[in-house]
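One structure is given below, encoded as structure tokens.
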Protein chains: 2
Amino acid sequence: MNIGTAAAEAGVSAKMIRHYEAIGLLRPAARRDNQYRDYAERDVHELRFIGRARRLGFSMDEIRTLLALWRDDARPSREVRRVAQAHLHDLETRIGEMQAMAGTLRELVDHCHGDARPECPILEGLGGAPKSATTPG
Amino acid sequence: MNIGTAAAEAGVSAKMIRHYEAIGLLRPAARRDNQYRDYAERDVHELRFIGRARRLGFSMDEIRTLLALWRDDARPSREVRRVAQAHLHDLETRIGEMQAMAGTLRELVDHCHGDARPECPILEGLGGAPKSATTPG
DNA sequence: GCTTGACCTTCCAACGGTGGGAAGGTGTAT
DNA sequence: ATACACCTTCCCACCGTTGGAAGGTCAAGC
């Protein structure tokens, strides 16, 4: 199966497949006489694994680890769980940070009239005084 | 004031200040005789603006727009609000996507025993069948 | 045959935002 | 004088992905 077909079946771009191979995430694909990469069902399976992991936000390094565990029939599920949980924690942290951003931003947006007048709490919030001390009385 | 001092006061790295200048986000800084960049209070003010906007997740392009509006005393607050709201929407979308990721991941993690046994719903979830059709009965 | 178009190959560069570091000049304190 | 902290410009790296150039190959149609 050509790289394009494998890509379509796995839900990953051909470009990315070559990239994954280049960075050593995947073993070099088999080649036909014409140098075309040749993929079998099990390769597609692996690519699909990568695609799903990416879609869950795992980093390439994490995926590298997960792939190794996946290939090892005797891995302890403990190790897989550890990787996944670490990433989940990471995700939750980032979500929290973004929610804080969004909260602050929403507050600013909510206080802005959004009309033709120049007064704008958003810009004031961004450019305002750094410390609450030197506010003139 | 030297770039390091300005950086410290504004909460932005000196490296970044030079970068912002290089990409045209900031007007070229004044130079002393020794070629050192020289910053005044109002420059620091501007840098602080950028730093805050970055911390709220605005892109460089959005900040470029916001800076222009900020400098224009006659801008309609409507325009500022539009930019901020668009970014807020963007943030919320991304938060939603990450929450979806986290939700799926948590489900997988919760179903994994996480012990010495190799059975692992996490890997099964990542590598499992793509379509519900060809499941052998 | 010969052309067209879709596919494949490798290689190189870009994005956004930040940081690291080299190689050299300058300021200041002792 | 010497040490050290700071400044300058420059180029490179990260991450994951995409785009394109320049060329080879295959399958179709006429």
Side-chain angles (χ1 to χ4, degrees), chain A residues 1-26 28-40 43-44 47 49-67 86-87 90-91 94 97-98 101, chain B residues 1-26 28-40 43-44 47-67 83 86-87 90-91 94 97-98 101:
Chain A
M1 164 186 345
N2 277 349
I3 196 173
T5 313
E9 289 203 12
V12 186
S13 77
K15 213 96 175 166
M16 279 299 96
I17 297 181
R18 293 195 198 96
H19 179 62
Y20 295 154
E21 183 182 315
I23 64 174
L25 186 64
L26 295 173
R31 300 288 185 137
R32 293 181 188 277
D33 287 348
N34 54 14
Q35 282 288 76
Y36 284 19
R37 287 176 181 78
D38 190 13
Y39 295 93
D43 300 310
V44 173
L47 290 170
F49 181 98
I50 296 176
R52 290 214 183 112
R54 282 296 305 141
R55 251 162 266 138
L56 286 180
F58 284 100
S59 72
M60 303 309 285
D61 251 24
E62 288 167 332
I63 293 177
R64 200 181 295 269
T65 306
L66 289 175
L67 261 181
H87 173 54
D90 215 69
L91 262 182
R94 297 213 307 268
E97 289 168 354
M98 294 180 72
M101 285 187 203
Chain B
M1 170 185 341
N2 278 348
I3 196 172
T5 313
E9 289 204 11
V12 186
S13 77
K15 211 97 174 164
M16 280 299 96
I17 297 181
R18 293 195 197 97
H19 179 62
Y20 295 154
E21 182 183 315
I23 64 174
L25 187 63
L26 296 172
R31 300 289 185 136
R32 293 181 189 278
D33 287 349
N34 56 14
Q35 282 288 74
Y36 285 19
R37 286 177 181 79
D38 190 14
Y39 295 92
D43 299 311
V44 174
L47 289 170
R48 198 148 40 213
F49 181 97
I50 296 177
R52 290 214 183 112
R54 282 297 306 141
R55 252 162 265 136
L56 285 180
F58 284 98
S59 72
M60 303 309 283
D61 252 22
E62 287 165 332
I63 293 177
R64 200 181 295 270
T65 306
L66 290 176
L67 262 181
V83 175
H87 173 54
D90 215 69
L91 261 182
R94 296 213 307 268
E97 289 168 354
M98 293 179 73
M101 285 187 202

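Chain naming here is simple, since letters A, B, ... match the order of the sequence lines and numbering starts at 1 in each. Side chains included, hydrogens not; waters and symmetry mates left out as well; all remaining heavy atoms used.
- In this structure, R31(A) reaches the dT10(C) phosphate: one of its side-chain N or O atoms is under 4.0 Å from OP1 or OP2.
- In this structure, H19(A) atom NE2 and dC14(D) atom C1' are separated by 11 Å, rounded to whole Å.
- Between the C1' atom of dG24(C) and the CD atom of Q35(B) lies a distance of 13 Å, rounded to the nearest Å.
- Atom pair E62(B):CD and dG16(C):C1' shows a separation of 12 Å (rounding to whole Å applied).
- Residue whose closest nucleotide on DNA chain D sits further toward the 5' end, between D33(A) and I3(B): I3(B).
- Between dC7(D) and R37(B), no contact under 4.0 Å exists linking OP1 or OP2 to a side-chain N or O.
- Of the side-chain N and O atoms in S59(A), none sit less than 4.0 angstrom from OP1 or OP2 of dC15(D).
- Applying the 3.5 Å distance criterion, the base of dG25(C) shares a donor-acceptor pair with the side chain of Y36(B).
- Side-chain N or O atoms of D38(A) include none that pairs as donor or acceptor with a backbone N or O of R31(A) at under 3.5 Å.
- A residue-by-residue look at R54(B) and N34(B) shows that R54(B) has its nearest nucleotide of DNA chain C further toward the 5' end.
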Dump the intermediate steps for side-chain contact (heavy atoms from CB on, under 4.5 Å) on R54(B) and M16(B), then the final yes or no. CA-CA 11 Å; R54(B) 282 297 306 141; M16(B) 280 299 96; over 6 Å; no

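- Going from atom CD of E21(A) over to atom C1' of dG16(D) covers 17 Å, rounded to whole Å.
- Using a 4.0 Å heavy-atom criterion, one finds that R32(B) contacts no nucleic acid atom at all.
- With rounding to whole Å, D61(B) atom CG is found 12 Å from dC15(C) atom P.
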Step-by-step side-chain contact (heavy atoms from CB on, under 4.5 Å) determination, V83(B) to H87(B): CA-CA 6 Å; V83(B) 175; H87(B) 173 54; 5.7 Å; no

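- Here the nucleotide nearest the side chain of R18(B), chosen from dT25(D), dC7(D), dT17(D), is dC7(D).
- Comparing dT9(C), dT17(D), dC7(D) by their nearest atom to the side chain of Y20(A) picks out dT17(D).
- Following rounding to the nearest Å, L25(A) (CG) and dG16(D) (C1') show an atom-to-atom distance of 12 Å.
- Residues L26(B) and D43(B) fail the side-chain proximity criterion, which asks for heavy atoms closer than 4.5 Å.
- F58(A) comes within 4.0 angstrom of nothing in the nucleic acid, heavy atoms only.
- Of the listed nucleotides (dG16(D), dG19(C), dG16(C)), dG19(C) has the atom at the smallest distance from the side chain of K15(B).
- Residues I17(A) and A6(A) approach most closely at CD1-C, 4.4 Å, considering heavy atoms.
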